[in-house]
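Note that these values count all heavy atoms, side chains included, but never hydrogens, waters or copies made by symmetry. Keep in mind it's a predicted model, so treat the numbers as computed, not measured.
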Amino acid sequence: KFLRINLTTYVSLMAPFICYAHAWGRTGCFMAGCCHGLPTDCMIGIQFPKNSIPCKMHGFEPVHATQLYEMATLIIIGLSAQFIIKYKYRFCFYLISYGFGRFLIEFLRGDERGTFSLIPNFSPSQHLSLVFILTGGLLGISLVKKPPGAD
(Lines give C-alpha, C1' and ligand atoms only; values in the text may rest on other atoms or scores of the structure.)
Protein backbone atom coordinates (compact mmCIF):
# COMPACT_ATOMS: atom_id res chain seq x y z
CA LYS A 1 0.00 0.00 0.00
CA PHE A 2 2.86 2.35 0.86
CA LEU A 3 4.45 1.87 -2.58
CA ARG A 4 1.05 1.88 -4.32
CA ILE A 5 1.59 -1.51 -5.94
CA ASN A 6 -1.61 -3.25 -6.97
CA LEU A 7 -2.28 -6.83 -5.84
CA THR A 8 -1.67 -8.41 -9.25
CA THR A 9 1.77 -6.83 -9.52
CA TYR A 10 2.59 -7.69 -5.92
CA VAL A 11 1.77 -11.42 -6.22
CA SER A 12 3.69 -11.60 -9.51
CA LEU A 13 6.72 -10.12 -7.77
CA MET A 14 6.34 -12.38 -4.75
CA ALA A 15 5.59 -15.74 -6.43
CA PRO A 16 9.19 -17.02 -6.62
CA PHE A 17 9.93 -15.92 -3.07
CA ILE A 18 6.76 -17.54 -1.74
CA CYS A 19 8.14 -20.77 -3.22
CA TYR A 20 11.54 -20.32 -1.55
CA ALA A 21 9.99 -19.53 1.84
CA HIS A 22 7.64 -22.51 1.56
CA ALA A 23 10.58 -24.75 0.59
CA TRP A 24 12.46 -23.57 3.68
CA GLY A 25 9.43 -24.51 5.78
CA ARG A 26 9.52 -28.04 4.36
CA THR A 27 13.04 -28.33 5.77
CA GLY A 28 11.46 -27.90 9.20
CA CYS A 29 8.94 -30.63 8.41
CA PHE A 30 11.78 -32.95 7.44
CA MET A 31 13.70 -32.20 10.63
CA ALA A 32 10.59 -32.79 12.76
CA GLY A 33 9.63 -35.97 10.89
CA CYS A 34 6.12 -34.77 10.17
CA CYS A 35 4.53 -34.89 6.71
CA HIS A 36 6.48 -38.08 5.98
CA GLY A 37 5.83 -40.58 3.24
CA LEU A 38 4.82 -44.20 2.99
CA PRO A 39 7.31 -47.01 3.66
CA THR A 40 9.47 -47.79 0.64
CA ASP A 41 12.17 -50.18 -0.53
CA CYS A 42 13.40 -47.51 -2.93
CA MET A 43 17.04 -46.48 -2.52
CA ILE A 44 16.01 -42.88 -1.82
CA GLY A 45 13.94 -43.89 1.22
CA ILE A 46 14.84 -42.11 4.47
CA GLN A 47 15.28 -43.89 7.80
CA PHE A 48 14.15 -41.62 10.62
CA PRO A 49 15.39 -42.01 14.23
CA LYS A 50 13.83 -44.57 16.57
CA ASN A 51 11.52 -42.19 18.49
CA SER A 52 10.41 -40.17 15.47
CA ILE A 53 6.84 -39.87 14.19
CA PRO A 54 7.48 -42.06 11.10
CA CYS A 55 9.00 -44.85 13.22
CA LYS A 56 6.08 -44.74 15.61
CA MET A 57 3.66 -45.12 12.69
CA HIS A 58 5.52 -47.48 10.33
CA GLY A 59 8.18 -49.18 12.41
CA PHE A 60 11.88 -48.94 11.75
CA GLU A 61 11.76 -48.93 7.95
CA PRO A 62 12.63 -46.30 5.33
CA VAL A 63 9.89 -43.97 4.13
CA HIS A 64 9.55 -41.59 1.19
CA ALA A 65 11.01 -38.18 2.06
CA THR A 66 7.94 -36.35 0.80
CA GLN A 67 9.08 -33.20 2.60
CA LEU A 68 12.25 -33.13 0.47
CA TYR A 69 10.31 -33.97 -2.70
CA GLU A 70 8.07 -31.00 -2.08
CA MET A 71 11.03 -28.78 -1.18
CA ALA A 72 12.74 -29.65 -4.49
CA THR A 73 9.48 -29.07 -6.38
CA LEU A 74 9.08 -25.63 -4.80
CA ILE A 75 12.66 -24.60 -5.57
CA ILE A 76 12.24 -25.64 -9.21
CA ILE A 77 8.94 -23.75 -9.44
CA GLY A 78 10.51 -20.68 -7.82
CA LEU A 79 13.52 -20.68 -10.14
CA SER A 80 11.30 -21.21 -13.17
CA ALA A 81 8.99 -18.40 -12.12
CA GLN A 82 11.90 -16.06 -11.45
CA PHE A 83 13.99 -16.73 -14.56
CA ILE A 84 11.84 -18.38 -17.24
CA ILE A 85 8.16 -17.52 -16.88
CA LYS A 86 6.93 -14.14 -18.13
CA TYR A 87 6.33 -11.72 -15.30
CA LYS A 88 2.55 -11.43 -15.58
CA TYR A 89 2.07 -15.24 -15.57
CA ARG A 90 4.23 -16.00 -12.54
CA PHE A 91 1.43 -16.36 -10.01
CA CYS A 92 -0.82 -18.51 -12.19
CA PHE A 93 2.24 -20.65 -13.04
CA TYR A 94 2.89 -21.06 -9.32
CA LEU A 95 -0.72 -22.05 -8.59
CA ILE A 96 -0.89 -24.61 -11.40
CA SER A 97 2.56 -26.15 -10.97
CA TYR A 98 2.46 -26.28 -7.17
CA GLY A 99 -1.06 -27.68 -7.24
CA PHE A 100 -0.02 -30.38 -9.69
CA GLY A 101 3.18 -31.24 -7.80
CA ARG A 102 1.49 -31.36 -4.41
CA PHE A 103 -1.37 -33.44 -5.81
CA LEU A 104 1.12 -36.10 -6.97
CA ILE A 105 3.26 -36.02 -3.82
CA GLU A 106 0.15 -36.65 -1.71
CA PHE A 107 -0.07 -40.18 -3.15
CA LEU A 108 3.24 -40.95 -1.40
CA ARG A 109 2.30 -39.50 1.99
CA GLY A 110 2.15 -41.90 4.90
CA ASP A 111 0.96 -39.69 7.75
CA GLU A 112 -2.57 -38.92 8.93
CA ARG A 113 -3.86 -35.86 7.07
CA GLY A 114 -7.54 -35.88 7.95
CA THR A 115 -10.47 -36.49 5.64
CA PHE A 116 -12.60 -34.52 3.27
CA SER A 117 -15.21 -36.48 1.37
CA LEU A 118 -15.96 -34.38 -1.71
CA ILE A 119 -13.91 -36.73 -3.93
CA PRO A 120 -13.44 -40.16 -2.31
CA ASN A 121 -9.87 -41.38 -1.68
CA PHE A 122 -8.38 -37.90 -2.14
CA SER A 123 -6.75 -36.14 0.81
CA PRO A 124 -7.75 -32.62 1.88
CA SER A 125 -4.49 -31.38 0.30
CA GLN A 126 -5.40 -32.99 -3.01
CA HIS A 127 -8.75 -31.22 -2.95
CA LEU A 128 -6.96 -27.93 -2.29
CA SER A 129 -4.47 -28.72 -5.05
CA LEU A 130 -7.33 -29.06 -7.52
CA VAL A 131 -8.58 -25.64 -6.40
CA PHE A 132 -5.07 -24.21 -6.97
CA ILE A 133 -4.92 -25.72 -10.47
CA LEU A 134 -8.40 -24.46 -11.39
CA THR A 135 -7.75 -20.98 -9.98
CA GLY A 136 -4.36 -20.73 -11.72
CA GLY A 137 -5.90 -21.85 -15.02
CA LEU A 138 -8.74 -19.33 -14.80
CA LEU A 139 -6.31 -16.58 -13.83
CA GLY A 140 -4.04 -17.48 -16.75
CA ILE A 141 -6.97 -17.43 -19.16
CA SER A 142 -8.05 -14.01 -17.89
CA LEU A 143 -4.50 -12.67 -18.35
CA VAL A 144 -4.29 -14.00 -21.91
CA LYS A 145 -7.64 -12.44 -22.83
CA LYS A 146 -6.72 -8.98 -21.50
CA PRO A 147 -6.36 -6.41 -24.25
CA PRO A 148 -2.85 -4.99 -24.81
CA GLY A 149 -2.03 -2.11 -22.49
CA ALA A 150 -4.60 -3.17 -19.86
CA ASP A 151 -1.92 -4.29 -17.38
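- Using modelled atom types, no side-chain atom of H58 and backbone atom of L38 make a donor-acceptor pair closer than 3.5 Å.
- One distance of note links NE2 of H36 with NE2 of H64; it measures 12.5 Å at 0.5 Å rounding.
- A pairwise comparison of heavy atoms in C29 and Q67 identifies O-NE2, 3.8 Å as the closest pair.
- Under a 3.5 Å cut-off, the side chain of T135 and the backbone N or O of F132 do not form any donor-acceptor pair.
- Under a 3.5 Å cut-off, the side chain of Q126 and the backbone N or O of S123 do form a donor-acceptor pair.
- Residues Y89 and G140 approach most closely at CE2-O, 4.4 Å, considering heavy atoms.
- A continuous path of Ile, Leu, Val, Met, Phe, Trp and Tyr side chains, each step under 4.5 Å between heavy atoms, connects L68 with V63, placing both in one hydrophobic cluster.
- Atom-to-atom distance recorded for I44:CD1 and I46:CD1 is 8.0 Å, nearest 0.5 angstrom.
- Checked against a 6.0 Å centroid threshold, the rings of F103 and F100 do not count as neighbours.
- The hydrophobic clustering, which links ILVMFWY residues whose side-chain heavy atoms are closer than 4.5 Å, places L118 and L134 apart.
- In the displayed structure, F122 atom CZ is contacted under 6.0 Å by more than 12 heavy atoms of other residues, nucleotides or ligands.
- Closest non-hydrogen pair, C55 versus F48, comes out as SG-O, 3.3 Å.
- Counting all heavy atoms, side chain and backbone alike, M71 lies closest to A23 at CG-O, 3.5 Å.
- The shortest heavy-atom contact between L143 and C92 is CD1-SG, 4.2 Å.
- For I105, the side-chain contact (heavy atoms from CB on, under 4.5 Å) partners at least two apart in sequence or on another chain are T66, Y69, E70, T73.
- Here L13 contributes atom CG and Q82 contributes atom CD; the two are 11.0 Å apart, rounded to the nearest 0.5 Å.
- Going from atom CZ of F93 over to atom NZ of K86 covers 14.5 Å, rounded to the nearest 0.5 Å.
- Distance check, rounded to the nearest 0.5 Å: OG of S97 to CD1 of I133 gives 9.5 Å.
- At least one side-chain heavy atom of T9 sits under 4.5 Å from a side-chain heavy atom of Y87.
- No side-chain donor-acceptor contact under 3.5 Å links Y94 to the backbone of A81.
- In the hydrophobic clustering of ILVMFWY residues, with side-chain heavy atoms under 4.5 Å counting as a link, L104 and L130 come out together.
- For the atom pair OG of S80 and CD1 of I75, the computed distance is 11.5 Å after rounding to the nearest 0.5 Å.
- I85 and I96 fall into different hydrophobic clusters, where Ile, Leu, Val, Met, Phe, Trp and Tyr side chains are chained together by heavy-atom contacts under 4.5 Å.
- Between C35 and R26, the shortest heavy-atom contact is SG-NH1, 3.5 Å.
- Between the side chain of R90 and the backbone N or O of V11, no donor-acceptor pair lies under 3.5 Å.
- Put simply, the side chain of L74 does not reach to within 4.5 Å of the side chain of W24, judged on heavy atoms.
- Counting non-hydrogen atoms of neighbouring residues, nucleotides and ligands closer than 6.0 angstrom, the CZ atom of F107 exceeds 12 such neighbours.
- Criterion: ILVMFWY side-chain heavy atoms under 4.5 Å apart, direct or through other members. Under it, L7 and M14 are part of a common hydrophobic cluster.
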